[in-house]
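Below is one structure, written out as structure tokens; the observations come after it.
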Amino acid sequence: MSRHRHIEVSLFVLVALWCAGFILVPLLESLRVDVTFVRQFYGTVCHQIEARSHIVAGFPMAVCIRCSAIYFGFFLGVSAVVFFGRFLMLPWIRRGVLLVAAMLALDVSLDLLGILANTILSRTVTGGVFGIALSLLTVPLFIEAMDSILKTHNIPSEGVPRDVG
Amino acid sequence: MLDKPNKMRAALLGGLIIGTISGVPGLSLVNCCCCAGILLGGVFSVYYYKKEFTNDMSPMESSDALILGIIAGIVGAVVASMISSIIVALFGSVEERLIMEYFDRFVSKMEDRGALPSGSVDQLRDEFERSLTESQTVGGMLKNLFFTLIIYPIFSMLGGLIGFGLFGRKKPQSAPPMRG
């Protein structure tokens, strides 16, 4: 497996674990396992309001609906980049990210200001699209950056370090 | 070609932004919007670093943005912990009362506008009180620092890559031709 492929697969696994984490928390809580520590860990990135979170096995997910949509969208984007490759480095993705970020900000701010309440659908759609767009922008850059760093440290494509000099 | 500029200044500035937004009570609510404060710190560190490049230097690369973001995140986590600890040490329970008053007013307004589902206010208040109490214990501070040292570099790195994707990848302008 090439160095590039190693990086792609590692990223895919890490993002999958992150998403699995906030789904597993309520499942484990339903089995009376104490996962308070894990829930507090995800609490660093989310308000975790129960009424705004999906319910799994009778317990709320460790992140809210919008955050879970963003992370699942990001995971979809990572999967697309990993399985379908570099053609996804699209030239219009920059403007796309700004546009969907603006849509998401609008969905949040209109609700906070009491002008237009958002819904589960609007949170899911804006979050999911934002997650996908973010991954299409950042994942190819991440892979390129990691490849460059590993190359600088003389880690060859086979993934085994070799002696220098 | 000259060497690239040192990353530390840009990373420290980005880290200060992250730490200030995350450590100051009230301002830290910005992070409820998909860790916007942390992402912003990463974006800013790349933006500032890009400004330090001249035409004689080799161009900025994605690996620079990645490393900048990670360093800014680590600095941000430490700064946020320090700011929180200083505020608690200086103001103690006075700070807690002020924050709870401010918090109650804020969430009541949100509930009146319908921006918060009914019943969420109690949950939010309990969570907020718990986090305030924990932040006043050494164990709570260390636990928060542990979480933030993992989370902040990841999101700040993402912010750095966003910044690079948005305005980092441009070729430096070639110097104008000499006129004889």
Side-chain angles (χ1 to χ4, degrees), chain A residues 14 18 37-38 40-53 60 63-64 66-67 69-71 74 89 93-95 97-98 101 104-105 108-118 127 130-131 133-152, chain B residues 22 29 31-36 38-39 42 61-70 77 106-107 109-124 127-128 130-131 134 140 143-144 146-152 154-155 157-169:
Chain A
L14 286 170
W18 176 268
F37 190 79
V38 181
Q40 285 174 353
F41 176 76
Y42 280 103
T44 319
V45 298
C46 182
H47 52 68
Q48 295 179 316
I49 295 175
E50 207 169 300
R52 294 215 163 186
S53 306
V63 297
C64 67
R66 191 186 303 278
C67 284
I70 291 171
Y71 297 132
F74 195 87
M89 284 183 278
I93 198 66
R94 244 187 259 174
R95 281 187 203 159
V97 166
L98 290 172
L104 191 139
V108 171
S109 48
L110 288 178
D111 185 79
L112 281 176
L113 293 169
I115 297 171
L116 183 68
N118 54 35
F130 180 66
L134 205 60
S135 64
L136 295 181
L137 176 68
T138 57
V139 168
L141 293 174
F142 175 82
I143 294 169
E144 177 189 286
M146 285 304 297
D147 196 49
S148 168
I149 290 169
L150 292 174
K151 204 188 301 184
T152 309
Chain B
S22 306
L29 289 171
N31 283 335
C32 284
C33 303
C34 195
C35 297
I38 306 168
L39 291 175
E61 294 169 323
S62 51
S63 52
D64 298 318
L66 187 141
I67 293 168
L68 263 174
I70 291 173
F106 177 71
V107 294
K109 273 190 192 159
M110 284 178 69
E111 198 184 24
D112 290 342
R113 284 196 204 123
L116 268 184
S118 56
S120 300
V121 175
D122 290 335
Q123 184 205 345
L124 270 178
E127 286 289 327
F128 206 72
R130 184 193 56 76
S131 69
E134 264 192 8
K143 187 171 70 171
N144 280 338
F146 174 70
F147 287 160
T148 54
L149 278 173
I150 297 170
I151 298 280
Y152 285 19
I154 294 172
F155 279 80
M157 175 195 72
L158 202 60
L161 291 174
I162 293 170
F164 183 79
L166 290 177
F167 45 71
R169 198 193 287 279

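When reading the values below, keep in mind they use all heavy atoms of this one structure, side chains included, and skip hydrogens, waters and symmetry mates. Letters A, B, ... mirror the listed sequences (proteins, then strands); counts begin at 1.
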**Asked** B:Ile38 versus chain A, heavy atoms under 4.5 Å apart: side chain, backbone, both or neither?
**Response** neither
To the nearest 0.5 Å, tell me how far [X] [atom1] sits from [Y] [atom2].
X        : Y        : atom1 : atom2 : value
A:Phe41  : B:Thr148 : CZ    : OG1   : 10.0 Å
B:Leu66  : A:Ile143 : CG    : CD1   : 11.5 Å
A:Leu134 : B:Ile162 : CG    : CD1   : 4.5 Å

Answer with side chain, backbone, both or neither: which region of [X] has an atom nearer than 4.5 Å to a non-hydrogen atom of chain B?
X        : value
A:Ser148 : side chain
A:Phe74  : side chain
A:Leu104 : neither

**Prompt:** Out of A:Leu137, A:Thr138, A:Val139, which residue meets the side chain to side chain contact (heavy atoms under 4.5 Å, CB included) rule with B:Leu161?
**Reply:**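 For B:Leu161, the side chain to side chain contact (heavy atoms under 4.5 Å, CB included) test succeeds with only one of A:Leu137, A:Thr138, A:Val139, which is A:Thr138.
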**Prompt:** Of all heavy-atom pairs between B:Ser63 and A:Ile149, which one has the smallest distance, and what is that distance?
**Reply:** CB-CG1, 3.8 Å
**Message:** Tell me if the aromatic rings of B:Phe147 and A:Phe37 count as close, with their centers under 6.0 Å from one another.
**Reply:** yes
